[in-house]
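Only one structure is covered here, and it is reproduced in the block below.
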Amino acid sequence: MPELPEVETVRAGLAPALTGAIVESLDVFDTRSFKRHPGGVEDFRQTLVGSKILGVARRGKFLWMPIEPATATSHRLALVGHLGMSGQMLLRTPAFTEDKLTRAIIHVRSDDGQPFEFRFIDQRLFGSLAIDELVETNDSLAGGFSDGVAEGTWWQNLIPASAAHISRDPLDPNFSETTVLAKVAKKHSGIKRVLLDQQTISGIGNIYADEALWASKLHYDQPADSIGNAKMRELLSNVKEILSKAVLQGGTSFDEQYKNVNGESGYFAVSLNAYGMTGTACKRCSTEIKRESWMNRGSHFCPKCQKLR
DNA sequence: AACACATCCTGACTGC
DNA sequence: TGCAGTCAGGATGTGT
């Protein structure tokens, strides 16, 4: 469930169940899901099993859960998860039927004593689970978004080292529009490339990039530095609005691939105006929405409303 | 430094 | 039915 609204839906689903839970054991069905854990699966297992999960935080498309290991350690650690293109994180009772393409199961016991399973499903294996060290954020503000966390919790202003380079996302309370505008103004790449660059602004992927560009009447290849300040603010405002609406709807889903933690698909009702609408009439001007191959994927846009200038 | 591209993967679906 | 080709919502490393 790859873009910000889908990842946030997962985060919000995991948090109440996993906060305070103890990890009892781990089943690994495909070690490739752990390739971003430097020490390998056995090292991952040793650190994780017995530890307590303290919360679930997110920045952009990265999720992490600070942990308190069973044995005393000087390190500040977190279980870091990324869904990649096809990852799912499901919460299941032990008796629940097997989920196809499950790569790992983390068996946990909630703080009220209930045993359940945290299942990691991932068709394409671009997603990952790892344990990483938490480091200070470069602006000393909160690492990411998490709710139900007491102010001043030790891990609040920390972020996994592997996600420290990721820029704040538009729904982050500490998101700075000024910072993003300054970065964008220096970029000569096409605006869509810039929107997808997680170090400039995070959380946006192919769907919401196409949607925000359609809403702002911008061509995907319009050089970023040729877009005026007012227009850029309009674009950022559209990004924010589209992401927020999608979060409220529990993310966008098209098929069996994208699910919340209960395995339910998001509401299809999130009406898309550009993404996947190839051949249909543009809702503004009735011109046929076009799809162009771009960066090994697709870009959907209205050739009339979104002209390259 | 900034930019463009190749690469990691599997499964579902289409059309011949 | 079988098989080849196409498509998929991401991030990273590498070369210029």
Quick one: Met295(A) CE to dA11(C) C1', roughly how many Å, whole number?
10 Å

Protein heavy-atom contacts under 4.0 Å, written 5' to 3' over nucleotides 9-14 of chain B as B (base), S (sugar-phosphate only) or - (none), form the string BBBS--

Rounded interatomic separation in angstrom, taking OH from Tyr275(A) and C1' from dG9(C):
5 Å

Is any side-chain nitrogen or oxygen of His82(A) closer than 4.0 Å to OP1 or OP2 of dT12(C)?
no

Identify whether NZ of Lys or CZ of Arg in Arg284(A) sits under 6.0 Å from the centre of the six-membered ring of Trp214(A) and within 45° of that ring's axis.
yes

Is there a donor and acceptor pair, one atom on the side chain of Arg297(A) and one on the base of dG9(C), closer than 3.5 Å?
no

Do Asp169(A) and Arg58(A) meet the salt-bridge criterion of a basic N to acidic O distance under 4.0 Å?
yes

Going by atom types only, do Thr252(A) and Tyr275(A) share a side-chain donor-acceptor pair under 3.5 Å?
no

Between Asn296(A) and Lys186(A), which is nearer to the 5' end of DNA chain B once each is assigned its nearest nucleotide?
Lys186(A)

Pairing annotation in dot-bracket form, given for DNA chain C with Watson-Crick or G-U pairs under 3.5 Å and | for cross-strand partners:
.|||||||.|||||||

Decide whether Ser86(A) and Asp122(A) meet the rule of one side-chain donor and one side-chain acceptor closer than 3.5 Å.
yes

Less than 4.0 angstrom between a side-chain N/O of Arg36(A) and OP1 or OP2 of dC8(B), yes or no?
no

Rounded to the nearest 0.5 angstrom, the NZ-CG distance for Lys240(A) and Leu235(A) is 13.0 Å

When the distance from CZ of Arg291(A) to P of dT6(C) is rounded to whole Å, what number comes out?
12 Å

Arg193(A) has a side chain; which of dG9(C), dC5(B), dC3(B) sits nearest to it?
dC5(B)

Grab the CD-P distance between Gln199(A) and dC3(B) for me, whole Å please.
12 Å

Would you give the length of the straight line joining atom OG of Ser146(A) to atom CG of Leu54(A), rounded to the nearest 0.5 angstrom?
11.0 Å

How many whole angstroms separate atom CG of Asp122(A) from atom C1' of dA8(C)?
13 Å

dA4(B) OP1/OP2 closer than 4.0 Å to side-chain N/O of Ser189(A):
yes

Separation of Ile204(A) atom CD1 from dA11(C) atom C1', in whole Å?
15 Å

Length of the line joining Gln198(A):CD and dT12(C):C1', which is rounded to integer Å:
12 Å

When you compare dT14(C) with dC9(B), how far apart are their P atoms, in angstrom units rounded to a whole number?
15 Å

Distance check: side-chain N/O of Lys187(A) vs OP1/OP2 of dC3(B), anything under 4.0 Å?
yes

Give a yes/no on whether any side-chain N or O of Tyr208(A) is located under 4.0 angstrom from OP1 or OP2 of dG9(C).
no

Does the side chain of Thr19(A) reach to within under 4.5 Å of the side chain of Asp111(A), using non-hydrogen atoms?
no

Basic-acidic side-chain contact under 4.0 Å: Arg11(A), Asp147(A)
yes

Given side chains that start at C-beta, do those of Arg103(A) and Arg119(A) come closer than 4.5 Å, heavy atoms only?
no

Give the other cluster members for Phe96(A), using side-chain heavy-atom distances under 4.5 Å between Ile, Leu, Val, Met, Phe, Trp and Tyr residues; answer none if it is isolated.
none

Roughly how many Å is it from NZ in Lys192(A) to P in dG9(C), rounded to a whole number?
8 Å

